[in-house]
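First the structure, in the form of structure tokens, and then the observations on it.
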Amino acid sequence: MKSDHSSTSGGRFWMIIGLLVAFSAGAYFQSLGFFEFAADNPDEIWDLLLQHIRLVLISSAISISLGVPMGILLTRGFMRRYREWILNLLGICQTVPSLAVIAIAMTYIGIGPKTAIFALVIYGLLPIIRNSVAGLAGIDPVIIDAGRGMGMTPAQLLFRVELPNAMYIILTGIRTSTVINVGTAAMSFLVGGGGLGDLIFTGIAMVDPGIMLAGAVPTATLAIVMNWAFGRLEKSIISPGLVYSSN
Amino acid sequence: METWQFLVQNSHEVLLLTAQHAWVVAVSVVIAIFTGVPIGIWITFNEKAADIVLYIAGIIMTIPSIALFGIMIPLLSVFGHGIGVVPAIVALVLYSQLPIIRNTYAAIKNVDPNIIDAGTGMGMTRFQVLFKVQVPMALSVIFAGVRVAVVMSIGIGAIAAYIGAGGLGHYIFMGINQTNDPMIHTGALAVAIMAIVVDYVFGIIENRLVSKGLRA
Amino acid sequence: MITLERVTKIYPGSKVPAVDNVELQVPEGEICVLIGSSGCGKTTLMRMMNRLIPITSGTIRIGDKDITGMDVIELRRSIGYAIQQIGLFPHMTVLDNIATVPKLLGWDKPRIERRVDELLELVNLDPGVFRSRFPRELSGGQAQRIGVARAMAADPPVMLMDEPFGAIDPINREVLQDEFLKIQAKLKKTIVFVTHDIHEAVKMGEKIALLDAGRLIQYGTPEDLLTRPKNRFVKDFVGADRALKRLDLLKVKDAMRVNPVHCFDNDPGEKVLEQMIENDLNYLLVTDRESKLKGYVNLVDLRGHNGEVGDVVHPMRITVTTDRNLKEALSKMLTYDIGIVVAVDEDGRLAGVLNTRTLFSVVGETYDERGGRWGKIPANGSIL
């Protein structure tokens, strides 16, 4: 955003504001002992960061590889009867808080990264399935008719016509799910899954803001970076023939 | 079942925690509506502002909730309200901004320009058009945004128990600490059911809010 | 050739057939138009031909092969398919869109690219410009042309077209129809064309199948439907102005009187004058020895003229060519307020004359010998 507006005076104004915010945040963090802690314990932070990324990547990868095919399945003709109530069910599941999901998972599976990943997968599946269905169901039926009439097999129709056109909405769902996943993964600490949540929760419990920030800042940064990265990915994958309003 | 027993034995506390939880959520959402809806309306007049505001609200959403709570603590300690209900409410208000602002903005913008044109042509001022035409038409979508904010706040509110805000999350965290499964179940199920029920009820209200003329 | 034998479609749960025992045959290389009002079953019938809609009973044969016996995917790839909303794939360039079926058939890249350029030229679009455009960058008319090009890409012998020009404004529609007819004249594909517009049907079709409530009411040439409508329904459908519609169909050469009386420009004036008086002619057409029309002479000019006819000839300013349709000829006659117009061929040679009476006699039911200002023009050849 900032680079887009930097050529205008309004953009420059916001850039200055942004820098001021970053500067004051930095000064504030310093007063809390964040930088000291970070300087003293770089390895620990780094390890936890890697752990955290690992949790996010694995659970997101599973969510995507389960969610998108399920979304595709739900939009096939034979599923038409069940689609509505399955989606309603998923909708209900989506309202359940992530903390509850993680906690209940722990009582049945025990503790450890596996539990965390399991809960993260469950929680992250829903936006992906929902968006896959929405993207595929929202395709103009005219082009599907054209493709069928020209002699595409159902598989060719799916890969050459349907998926490319649904890709924007599907990618948005994956993006939402993954970015939220970064935040939810902070709670895997509670079930023995590690990750930056360790620092955050410990910091809060010990009333030590330095430690807490050492966990919170990388987590927040990771989420923002992922959001940005997906934005770039969307731009490069989506065909230039398709236009979407910036929303 | 053990969980049922636990629930029955501690029914008093369960209700208390539920009430606590609901109170925090309610206060936060009400504040969020009073800040979010006006902002949402304001940015319909200014595209540039709209871009910026929506972007910032979006960024806030990407910050993990526990992290935001964490940041609130030292910030608000200055005022003597580092832990407890206040940071929780502040964070919830911030999180609720995106769905409310975005829905308000989208719904008001979406009113067919021809209708607005008819209104101003008949002699309404921009504000009259806004409040007599656009807002009533946008009401159900704005409410949908509120619904999302409420359900989300119930979930995040559960996490707020960790920083001393009380609520059903308390059972979850305590249960994890003490490896007390029935306690965990009670807390988790209670908050899950609360979220589902509230979502359902709000869904019905949302449908009722669609003005009669717009209904299919 | 497409053959339909007692083709019927009944949707499950419905008592009334959507298509009811339709029998017809589309000759090879011809355009057959399916026409009728909304809901008559014309689109359903067309979509049964590439099995997008399954047949309830009856047989459809393409060539002599029963289409239900064929592999449905292969069948569809061998039939060109163009629909009203065009349905270009928005995520693909024009090149990829047109190349859809060839790619499915496994053509190699150079062959595909050649073919796409060929087709773009065929539909009058510059390949250099349009190859890499996206559908959202195209105007309605351009998109429609590319839809047709896409349907023809694998050079299928049979094409199904469902109101392919329907989404276009009337002016461009005329242009597209004309261009398509030119293309068809070269390629001679067997085409089934659905429309609800009787003008389009009369213009485009060599055969017309009029449907109502799933049943085939009349099947014949446009002439048949216009001049011999089977019943009241057909009469009403083709319109109370069906006589005028025939003007669209018929050409000048169908209605003109051939070899009209004339003289040559180097004929002696006196002799021609004699013959004109004898035959009670006030005006006479003049051609050169190669039959090229030079103009006309009148009695007054020839009286007392000693030289050749060619000296006093008046040039003929208004003519029609033999391949134009009668509507144009009549329009010209009305514009210039003349009761007679001379028809020439492409090289300017005298071919015939058309007057309102000969026109009427061909188009309508009345016949009257009077010729207007020019009087009688017997078919006699050279006057000398």
Side-chain angles (χ1 to χ4, degrees), chain A residues 1 4-5 8 10-11 14 25 28-29 31-32 91-108 111 176 179-180 182-187 189-191 196-197 199-201 203-205 207 209-210 212-213 215-224 226-227 246-247, chain B residues 3 48 51-52 54-56 58-59 61-71 73-75 77 82-83 102 106 148 151-152 154-159 161-164 168-169 171-173 175-177 179-182 184-185 187-200 203:
Chain A
M1 170 188 99
D4 286 335
H5 292 293
T8 67
W14 286 109
Y28 172 65
F29 289 162
S31 71
L32 295 176
I92 293 179
C93 290
Q94 186 144 45
T95 60
V96 175
S98 50
L99 182 63
V101 174
I102 287 187
I104 296 183
M106 186 193 81
T107 64
Y108 288 109
I111 60 175
T176 308
V179 170
I180 293 182
V182 172
T184 317
M187 287 190 275
F189 163 69
L190 296 170
V191 297
L196 291 163
L199 294 169
I200 303 179
F201 281 101
I204 295 179
V207 198
M212 190 273 306
L213 283 171
V217 170
T219 311
T221 315
L222 185 61
I224 295 177
M226 279 232 159
N227 194 25
S246 53
N247 226 10
Chain B
T3 312
K48 207 94 180 278
D51 284 340
I52 297 175
L54 287 172
Y55 190 77
I56 293 179
I59 297 277
M61 281 280 277
T62 61
I63 301 176
S65 50
I66 188 64
L68 193 60
F69 285 135
I71 296 179
I73 297 180
L75 260 180
S77 298
I83 57 170
R102 185 170 56 190
V148 168
V151 172
M152 190 175 62
I154 292 178
I156 301 179
I159 302 175
Y162 198 77
I163 60 166
L168 292 161
Y171 268 170
I172 298 179
F173 287 113
I176 291 178
N177 245 342
T179 326
N180 184 341
D181 280 5
I184 297 178
H185 282 150
L189 283 173
V191 74
I193 292 175
M194 183 181 187
I196 294 175
V197 167
V198 167
D199 182 56
Y200 182 73

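For the numbers below, each heavy atom of this structure counts, side chains included, while hydrogens, waters and symmetry mates do not. Each chain gets a letter, A, B and so on, in the order its sequence line appears, and its residues count up from 1.
Using a 4.5 Å cut-off between heavy atoms, Tyr108(A) touches chain B through its side chain atoms alone. Neither the backbone nor the side chain of Ile180(A) comes within contact range of chain B, judged by heavy atoms closer than 4.5 Å. For chain A, the nearby part of Phe173(B) is the side chain; its heavy atoms alone come within less than 4.5 Å. Contact of Ile184(B) with chain A is made through the side chain alone, with heavy-atom distances under 4.5 Å. Of the atoms belonging to Met187(A), it is side-chain heavy atoms, and not backbone ones, that fall under 4.5 Å from chain B.
In this structure, CD1 in Ile66(B) is found 9.0 Å from CE in Met212(A), a value given to the nearest 0.5 Å. Note that CG of Asn177(B) is 9.0 Å distant from CG of Leu190(A), once rounded to the nearest 0.5 Å. Atoms CD1 and CD1, on Ile196(B) and Ile92(A) in that order, are 6.0 Å from each other to the nearest 0.5 Å. Summarising the geometry, atom CD1 belonging to Ile172(B) is positioned 4.0 Å from atom CG belonging to Leu99(A); distances are rounded to the nearest 0.5 Å. The distance from atom OH of Tyr162(B) to atom CD1 of Ile204(A), rounded to the nearest 0.5 Å, is 6.5 Å.
In Ile224(A), the CD1 atom is crowded: over 12 heavy atoms of neighbouring residues, nucleotides or ligands sit closer than 6.0 Å.
Per-residue heavy-atom pair counts under 4.5 Å with chain B were compared for Ser98(A), Ala205(A), Ala216(A), and the maximum is reached by Ala216(A). Note on Thr184(A), Ile200(A), Val179(A), Leu222(A): by heavy-atom pairs under 4.5 Å with chain B, the leading option is Ile200(A). Per-residue counts of heavy-atom pairs under 4.5 Å with chain B were compared for Gly91(A), Ala103(A), Ala100(A); the largest is that of Ala100(A).
In terms of heavy atoms, Ala195(B) sits closest to Pro97(A) at CB-CD, 4.1 Å.
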